[in-house]
Amino acid sequence: MNLLAKAPHLRQDFAASLVVFLVALPLCVGVAVASGVPAELGLVTGIVGGIVAGLLPGSSLQVSGPAAGLTVLVFEAVREHGLPALGVIVLAAGLLQLTMGALKLGRWFRAISVSVVEGMLAGIGLVIIAGQLYAAAGLKAPAAGLDKITGLPEAAVKAVGSTSALASLAVGAGTIAVIVLWRRLPAKVRAVPGALAAVVLATAVTLVLDLPVGTVEVKGLLDAVQVPGLDAFGELTSLSVLGTVVAFTLIASAESLFSAAAVDRLHDGPRTQYDKELMAQGAGNTVCGLLGALPMTAVIVRSSANVQAGARTKASRVMHGVWLLLFAALLPGALALIPLPALAGILVHAGWKLIPIRGIVSLWREHRGEALILVVTAVAIVSVNMFEGVLIGLALSVGKTAWEASHLKMEVIDKGAGPVQAYLSGNATFLRLPKILDSLEALPQDRPIELDLSGLHHLDHACRTALESWAERHSAVGTEPVKMLTTTP
């Protein structure tokens, strides 16, 4: 009774923590396997996300752990630099997040174009789906994102001719079907998360029918943890590794803080303190790096499950980390029973949810420029790689904003006698110079001109210089000097 008095929401938080644990368990394992690392490392990151990040201030109800959104980047990092380098990369990213949080840069992530973030997630989703279709068939996926997609027809031909591949695909397809149909079942049944139910059913079917499908390889929690050695820190001298660190940092931070904004809309409790949340994510990733585990971010699936399950304080996310720790310590052998195509099915479903199909359609109707940025970002990530794809999206977003900010209108009034009056309004920047000069040079050369700049909100140096040069040229042909009625500072 005293415990309930000190923690009035303990009952709600305890129940919510169990729900989040059941949602997180298959996702932690699935993300780890898809990232090309031991399954236990996904649990380690989930444990750290629950206990370490969960105890720190920032966002009280969002839950952190390994995320599908970083799967592609982690897989590429492990493939290029090796598993021992992963811990160093994650550690450096965590320290960078801590620094940015201390410098109060967290709030600036909200200034990133939503189209770029959604395009990033859509590109990641496409690569995840393509890659996990190979895994569902028990085939090895190509390394590059574009090759994963273009190689699917050949993979389908191989799968059709293999009994084991067809059995594996059936397990993966069945997993997806259970997850999708689970939402239509009665509420009491849906108390068990669909992903967990799908994995349990897939495991049972595989064991009963003795299907020839691969299962999760288990090393044991302590054997999977790899503390980075001193030689691994030498990797930080590589520009490629440093680029990966920056990509981890920016993408993990953006995903976490956008998730925080989304979670804030789901409840009426305390709002997220973005700089503190960034530092909490940094602290968690620092610990994950020291343990050689996967990077962590805030995950909207687990966070929304936490809110919907009735969580009231951060105690729920901390307890979910404790349940993951107990499972990893007491029941690690259970992982070896999980079929790999079932995890692939979970990741295919997660990748599909990252693609905002309805959002793209509505965005195209209302803001075609933003829709174009979203699509180009996604295509660039699939065609090139994660980091460069995001940079291309950011560059397009900045360019679009600059172009729109330089909106300019020119109105010409010619009464047939007297000076021709030209009114400029809006923002005159170098981006609009060709339009401004074309319009001015089209004015009559043998008539006096009155150029009214009072309607300009901004006149940059390049435009001011160009206008003065045009005025000199126009006056040099023998007409009256151009009158600039009002100039902006």
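Considering T286, N285, T249 in turn, N285 is the only one that fulfils the side chain to side chain donor-acceptor pair (under 3.5 Å) rule with Q97.
Annotation: the span from L25 atom CG to F327 atom CZ amounts to 4.5 Å, rounded to 0.5 Å. Of the inter-residue distances, the one linking Q226 atom CD with L290 atom CG reads 14.0 Å to the nearest 0.5 angstrom. Distance OG/S383 to CG/L126: 10.0 Å, rounded to 0.5 Å. Note that OH of Y274 and CG of L105 are 15.5 Å apart. Values are rounded to the nearest 0.5 Å. Separating the CD1 atom in I176 from the CD1 atom in I346 is a distance of 10.0 Å, to the nearest 0.5 Å. To the nearest 0.5 angstrom, L55 atom CG is 7.0 Å from K314 atom NZ.
Looking only at distances, no side-chain donor or acceptor of R79 sits under 3.5 Å from a matching main-chain atom of F75. Under the 3.5 Å distance criterion, the side-chain polar atoms of S17 are matched with a main-chain donor or acceptor of F14. A distance-only check finds no donor-acceptor pair linking the side chain of T45 to the backbone of A293 [under 3.5 Å]. A distance-only check finds no donor-acceptor pair linking the side chain of S316 to the backbone of R312 [under 3.5 Å]. When atom types are taken as modelled, the side chain of S238 and the backbone of S240 share a donor-acceptor pair closer than 3.5 angstrom. Not a single donor-acceptor pair under 3.5 Å links the side chain of D13 to the backbone N or O of A311. Proximity of a side-chain donor or acceptor of S256 to a complementary backbone N or O of A298 within less than 3.5 Å is detected. In this structure, T237 contributes its side chain and G234 its backbone to a donor-acceptor pair below 3.5 Å.
At most 12 heavy atoms of other shown residues, nucleotides or ligands fall within 6.0 angstrom of atom CD in E217. Heavy-atom contacts from other residues, nucleotides or ligands closer than 6.0 Å to CG of L331 number more than 12.
Using a 4.5 Å cut-off on side-chain heavy atoms (C-beta onward), V90 and L86 make contact. Taking 4.5 Å as the limit, every side-chain heavy atom of Y134 sits out of range of all side-chain heavy atoms of K140. Within the 4.5 Å cutoff, side-chain heavy atoms of I89 are placed close to those of H81. Taking 4.5 Å as the limit, every side-chain heavy atom of V205 sits out of range of all side-chain heavy atoms of V171. Within the 4.5 Å cutoff, side-chain heavy atoms of L27 are placed close to those of R302. Looking at V348 and I128, their side chains never come closer than 4.5 Å, going by heavy atoms from C-beta outward. Residues W352 and I357 meet the side-chain proximity criterion, which asks for heavy atoms closer than 4.5 Å. With contacts defined as side-chain heavy-atom distances shorter than 4.5 Å, the pair V213/L340 does not qualify.
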Which pairs would a plain distance check flag for residues 62-70, meaning a side-chain donor or acceptor within less than 3.5 Å of a matching protein atom at least two apart in sequence or in another chain?
{"unit_1": "Q62", "atom_1": "OE1", "unit_2": "S259", "atom_2": "OG", "d": "3.1"}
{"unit_1": "Q62", "atom_1": "OE1", "unit_2": "A260", "atom_2": "N", "d": "3.1"}
{"unit_1": "Q62", "atom_1": "NE2", "unit_2": "E277", "atom_2": "OE2", "d": "2.8"}
{"unit_1": "S64", "atom_1": "OG", "unit_2": "Q281", "atom_2": "NE2", "d": "2.9"}

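Here the shortest heavy-atom pairing between S253 and M100 reads OG-CE, 3.9 Å. Shortest non-hydrogen contact noted between T71 and A34 is CG2-CB, 3.6 Å. Nearest heavy atom pair, residue T377 against residue I373, reads OG1-O, 2.7 Å. When every heavy atom of L22 is checked against every heavy atom of P193, the shortest pair comes out as CB-CG, 3.6 Å. In terms of heavy atoms, K148 sits closest to A130 at CB-CB, 3.8 Å. Of all non-hydrogen atoms in S168 and G138, the two that sit nearest each other are OG-N, 3.8 Å.
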Could you walk me through whether N306 and V19 pass the side chain to side chain contact (heavy atoms under 4.5 Å, CB included) test, one step at a time?
-> CA-CA 7 Å; N306 190 39; V19 172; over 6 Å; no

Can you list the steps and then say if V245 with F248 is a side chain to side chain contact (heavy atoms under 4.5 Å, CB included)?
-> CA-CA 5 Å; V245 169; F248 270 48; 5.7 Å; no

Step by step, would you call M279 with L56 a side chain to side chain contact (heavy atoms under 4.5 Å, CB included)?
-> CA-CA 9 Å; M279 293 190 74; L56 296 174; over 6 Å; no

Please assess I129 against I355 for the test side chain to side chain contact (heavy atoms under 4.5 Å, CB included), listing each intermediate value before the final yes or no.
-> CA-CA 10 Å; I129 292 171; I355 304 174; 3.9 Å; yes

Verify side chain to side chain donor-acceptor pair (under 3.5 Å) between S164 and S162, making sure each step is shown before the conclusion.
-> CA-CA 6 Å; S164 60; S162 169; 3.1 Å; yes

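With sequence neighbours excluded, the residues that form a side-chain contact (heavy atoms from CB on, under 4.5 Å) with T203 are V199, L207, L337, I338, P339.
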